[in-house]
Amino acid sequence: MSAAKEFELPSMPTLCVDEHCAFVARASESADTLEHALTEHLRLSGIYWGVCAVYTLGRLDRTFDRAKKEEILSYVDSCRNENGSYGGGVGHDGHVLYTLSAVQIYALFDELSRIDVEAVVGFLSSMQLSNGSFQGDHWGEIDTRFTYCALSALRLLGRLDAVDVDKACAYINSCKNFDGGFGAEPGGESHAGQVFTCVGALAIGGRLDYVDGDLLGWWLAERQVKVGGLNGRPEKLPDVCYSWWVLSSLSVLGKTHWIDRAALARFILKCQDEKSGGISDRPDDEPDVYHTFFGIAGLALMGHPAVVEPIDPVFALPKSVLRRMGIELSGTGKG
Amino acid sequence: MPDAHADAHDLPSEVDVLVQGTGLVQSLIACACAKRGESVLVLDENNQYGDAFGAFEASTGAFDAFTSTCATNANTFGRWTTDAGERPSTRGYNVDLCAPRATLGADAFTDAMIRSGAHKYLAFKAIEKTFVYGQGGFRVVASDRREMFADASMTGAEKRALMRFLKRTRIVAMRDDVLKRRSGTSGEETNVPAGAPGSEWGEGAFGEDDAGAEAAEALRVEPNETMESYLRRQGLSDALAATVTYGLALQTRAGSDAGQGMEDLKTYALSVGKYGPQFGACLIPTYGTGDLPQAFCRAGAVSGATYVLRQGVQRVDIDSNAVATVVSKGGQEIRVKRFVGAAPELSDGPRLVHVVCVLDGPVVRDFGEVLIVFPPGTVRKTQSTAVRALQMSSNTGCCPDGVYLLYLSNVVDEHEDDAYSNVNAALDVLVSRSCEETSTVASVFDDGAQKPIVMWGTMHSRRCGVPDDVECVASNAAQCPFPDELLTYKGAVDAAERAFAKLYGAEEEMFPPVEISTEQVESDED
Amino acid sequence: MAMTEKLVTTCPEVTTGWNRRKEAVELGAETAEAARDWWSEELRVSEIALRNAPKSYPSWYHRKWTVSRMIRTMGRESETVRMTLERERALCSRLLDADDRNFHCWAYRRFIVQSLGVTTEEELEYTLKKIEDNFSNYSAWHQRSAILDARGDVDSATLKGEFELASNAFYTEPEDQSAWMYHRWLIARARALKIPDERDAAIASALEICREVAELEPGCKWPLLARASLEDEKSRRDVLDRLSSIDPARVGYYRDVA
């Protein structure tokens with residue numbers, strides 16, 4: 001069964017494209033709300049989620065006019081720190097996480113020329129430690145998420161050569177667990193979000209041979225619960241964001257058909273706020289930009305016809321953006 | 001407590017309801033009448049509340065006095081063992097007359113406490129573990145999946161069978177509960193939160209699929225089936241069937257009816273974890289059972305009922321088939337619209353034996369409150385009814401630190417001596433009754449410890465059962481029974497409801513439902 | 001510091017706030033004596049933050065940073081450090097009692113017990129206690145596997161006990177996947193046993209239990225899934241067919257591995 005055909009099933013709700021774009025547009029305006037103040041420290045990630053969501057829906061230009069685009073880009077510019085890193089918001093310390101967000105936003109708007117590549121590469125490469133792992137900033141927190149962020153950003157900038165990729169991949173491999181999944185550090189419990197970052201990092205590093213595809217694929221497939229949604233760990237509740245973390249990993253492994261995609265799509269669509277737009281973690285919860293993006297991105301991986309821009313499961317960017325940048329696509333096999 | 005020292009001349013000359021005695025059944029009715037706005041006068045000839053449901057401080061000698069006057073064949077055994085050979089201070093004891101007793105978190109009595117507001121004056125401790133005796137040893141009764149997982153006495157297949165059966169029971173119990181509340185006159189909203197404590201017996205919510213109907217079908221009881229044969233039909237081994245019948249469904253008699261047993265088991269299933277995770281089904285009131293009638297008296301007093309101790313009923317005058325006047329022992333005549341009489345001494349019916357012991361240590365180490373059940377045929381071949389034992393620590397406020405209370409009870413239909421033999425045989429399993437034995441007798445609980453010694457103990461018995469209402473000819477009067485053979489107070493609520501229905505009509509609810517959140521109950525109960 | 005305390009306790013996700021505190025500590029903690037006060041202050045503040053948001057990455061890291069600093073400056077043998085580490089271990093136990101799946105706390109606990117030099121046996125005992133409290137706790141099963149793997153090859157006697165523990169869970173509740181996941185790891189370890197007789201016996205007894213559970217619970221997929229990895233080729237095919245029919249969501253997986 002082709003993926004798109006599943007969305008023609010009579011019981012499938014429609015994706016509220018207009019409403020979601022309006023939701024994202026509203027979220028980028030409401031600078032004076034409490035939520036805005038509370039999320040200031042990860043504004044760059046928020047922008048990436050929102051921009052990427054409307055991009056995949058083919059509505060980038062309709063959602064953000066030229067002036068708004070420029071406003072967003074200069075905001076990103078102003079998040080840059082002296083050492084080449086980007087903070088989550090203006091005045092916030094630089095961090096690997098938000099440095100990737102910045103690169104992704106510039107890539108989405110085709111404005112990579114605004115980046116001081118050498119400075120960013122300098123920062124990211126200085127974050128790698130002697131065992132191959134990456135710290136998030138100079139305070140020393142180590143997490144496999146940071147490895148992914150650094151490798152992804154460096155690859156987007158065409159500068160993977162600046163770090164020891166083999167060592168980085170070997171470190172990721174040391175975080176592998178008996179269930180085939182990966183944790184944040186050696187010994188850490190497998191977690192679907194962490195699995196995405198580790199599989200993504202290994203894909204970028206060309207070391208997917210470290211992954212036991214059948215074992216991990218099975219563990220990921222078991223994340224699907226009765227109601228169709230996916231959870232992040234065994235015996236936990238489903239959450240829309242895992243639609244992305246789990247499905248993108250399965251996609252890289254070429255095994256998205258190991259779950260019931262129609263049931264997952266139905267779950268995501270049930271989490272839409274059909275009136276005011278946005279997608280929430282579970283049905284009837286409050287929507288936010290984060291779940292809106294990961295819900296749409298999950299639908300994109302399943303070939304939902306309304307998500308007009310196919311998305312790359314490794315870089316979490318539209319394939320057309322990567323093509324424009326001359327980066328070979330990483331989706332494999334049946335996924 | 002309400003002012004209970006009114007002199008005889010303070011008594012009103014006319015009341016709506018006069019209640020004789022402050023036993024639990026009377027206290028329930030008096031409270032319910034007062035809450036309806038009736039003028040209620042309660043006369044009790046004793047020095048304290050509770051009648052046969054009361055508790056006594058051992059120091060006052062009231063316990064000895066009571067057991068010797070109102071119970072037949074009371075005797076004492078054991079001795080206080082101190083170096084001086086003196087009886088030590090017995091302050092700090094609250095010794096119940098009708099123990100062992102416990103209430104289930106989801107049973108009719110707990111419901112009555114909450115609806116009447118009596119629970120505000122009470123605190124509870126959970127029974128931590130239940131053991132069932134058989135084949136010379138004890139089995140822990142696993143009531144939730146945590147205990148089931150920890151239980152090494154069952155084979156894998158036994159575990160599976162029991163878990164599946166209990167899970168179905170809980171699903172059906174929740175379904176019944178919801179259906180009852182929906183169809184009930186109360187209009188009370190269903191209150192079964194998904195994932196609530198105890199939901200390990202099944203999904204928190206039912207009805208999403210046919211699980212409820214399927215489980216109900218699987219659990220169907222055949223007519224005339226006994227509980228134990230029913231459980232064997234459900235795939236449980238003989239030993240497990242006995243464990244469930246007597247340790248969870250809390251049945252008393254061999255060959256008891258499966259229909260009733262399943263009703264009781266469902267109540268148990270709903271009670272597990274109701275007031276917090278890992279909180280067992282059975283609750284015992286701190287300061288003992290004697291606090292229960294007092295709590296209802298307080299709730300009644302709040303609604304205007306008057307309670308008078310040391311003042312009994314001398315005579316009841318009946319006029320054209322109805323009680324018209326009650327004469328107090330002080331000689332005062334009181335005109336009444338309704339009358340609730342104390343339990344009459346019964347000349348036949350089952351005989352219920354109670355044992356109270358003070359022990360120098362626990363029967364089951366590492367636990368305070370423990371229920372131990374000896375199913376029929378386990379301590380004596382001719383034993384036809386379960387012997388129940390309840391260990392209580394100072395946690396309950398019923399005895400001082402360092403010593404333990406042990407209650408036993410057994411009911412027999414005929415030969416009274418059988419009951420004494422049954423409880424004696426059970427006692428021999430649990431405790432040693434002389435100091436000399438101690439060095440040699442090891443506990444049957446496989447903990448390497450020695451049996452505790454009985455420092456003081458007493459046995460008493462009385463007939464129990466429901467007084468035949470036909471004998472109570474007056475149309476505006478009802479009679480209350482003595483404590484029955486059950487572990488729970490369910491019989492007391494049933495009796496009170498029957499009496500209430502006779503006085504006010506079957507359509508009247510004794511305690512109309514109140515809005516109360518689970519949180520409130522929780523904080524009140526522990 | 002008062003300002004950042006307010007910031008990090010009300011909005012603990014703001015890494016920058018924590019960073020300002022770290023800078024202040026580094027400046028202030030010049031002498032060991034002064035440092036001690038700074039560190040206990042950081043432990044106090046991050047505990048408040050964690051009580052409000054027990055899953056905050058930056059708060060957990062700040063705590064780990066503080067304790068690491070202490071260890072580096074004063075040495076593991078210092079009485080103050082040992083007392084702090086013991087307190088931290090107790091804090092972890094408390095937080096894991098409140099939420100036994102908090103993976104931040106499990107990770108921090110690994111750091112603490114490693115720093116304390118807690119024995120493998122003692123930590124295994126802890127995971128057993130957590131599993132006995134709630135055998136759906138996959139985090140505890142995971143931790144158990146990690147400890148056993150870190151200790152070296154898992155011998156057949158250990159495996160026997162672990163198989164019993166896992167099967168105890170699925171006899172109690174066969175639909176709970178945590179123990180089955182662990183079971184899959186046990187099978188892999190049984191296959192790695194060096195003595196062929198021990199290996200065959202372990203696999204045979206695992207298979208026997210799975211067959212019994214599958215018979216007791218014909219509608220449950222987990223014992224069949226385990227059998228799929230244990231049975232011979234023909235039975236395996238039957239088992240996978242059966243799995244496809246009772247677990248249609250993952251039919252693609254069953255087909256691919258057939």
Side-chain angles (χ1 to χ4, degrees), chain B residues 128-129 140-171 194-204 206 208-211 214-215 217-218 234-237 240 243-244 269 272-273 276-280 366, chain C residues 96-101 125 127-138 140-141 144 160-180 182-183 186 205-224 226-227 246 248:
Chain B
E128 297 155 74
K129 277 264 184 288
V140 188
V141 180
S143 65
D144 60 21
R145 58 177 232 153
R146 182 167 169 266
E147 289 174 326
M148 201 82 72
F149 181 74
D151 192 333
S153 72
M154 283 185 262
T155 67
E158 275 187 311
K159 242 177 221 194
R160 186 80 292 274
L162 180 56
M163 192 67 194
R164 178 171 40 208
F165 170 71
L166 292 180
K167 196 167 174 173
R168 278 185 181 144
T169 303
R170 183 166 169 98
I171 289 171
S199 61
E200 57 264 33
W201 274 19
E203 300 305 318
F206 83 95
E208 280 187 27
D209 47 34
D210 301 329
E214 263 175 50
E217 179 55 31
Q234 288 290 331
L236 304 193
S237 62
L240 277 185
T243 302
V244 172
V272 173
Q278 295 169 22
F279 216 67
D366 303 325
Chain C
L96 288 176
D97 283 344
D99 174 7
D100 57 16
R101 295 299 303 279
E125 198 52 45
T127 61
L128 181 63
K129 185 189 159 292
K130 295 309 283 178
I131 289 168
E132 281 171 348
D133 280 350
N134 171 19
F135 60 80
S136 297
N137 183 354
Y138 186 72
W141 291 104
R144 201 165 171 81
K160 191 159 181 279
E162 297 306 301
F163 268 118
E164 255 167 45
L165 191 65
S167 45
N168 199 4
F170 42 72
Y171 276 120
T172 308
E173 183 48 270
E175 291 292 349
D176 192 286
Q177 62 174 273
S178 306
W180 286 110
Y182 187 70
H183 188 250
L186 290 177
S205 100
L207 178 56
E208 196 183 323
I209 286 171
C210 292
R211 281 181 182 156
E212 189 186 27
V213 179
E215 208 167 292
L216 291 169
E217 293 294 323
C220 180
K221 77 170 194 179
W222 295 99
L224 295 173
R227 277 181 62 191
I246 60 178

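Here is how names work: the chains are called A, B, and so on, in the same order as the sequence lines, proteins then strands, and each is numbered from 1. Heavy atoms only: backbone and side chains are in, while hydrogens, waters and symmetry mates are out. Small disclaimer: the values here were computed from a predicted structure and weren't measured.
Residues satisfying the side-chain contact (heavy atoms from CB on, under 4.5 Å) test with C:E132, not counting sequence neighbours, are B:F149, C:L128. For C:D133, the side-chain contact (heavy atoms from CB on, under 4.5 Å) partners two or more places apart in sequence, or in a different chain, are B:R146, C:K129, C:K130.
Between atom OG1 of residue C:T172 and atom CE of residue B:M148 there is a gap of 7.0 Å, rounded to the nearest 0.5 Å.
Looking at heavy atoms from C-beta onward, C:E173 lies in side-chain contact with B:K167 at the 4.5 angstrom threshold.
Contacts between residues 208-221 of chain C and chain B, counted as heavy-atom pairs separated by less than 4.5 Å, involve C:E212, C:L216, C:E217.
Applying the salt bridge (charged side-chain N to carboxylate O under 4.0 Å, His left out) test to pairs two or more places apart or on separate chains, those with a residue in residues 149-159 of chain B are B:R139-B:E158.
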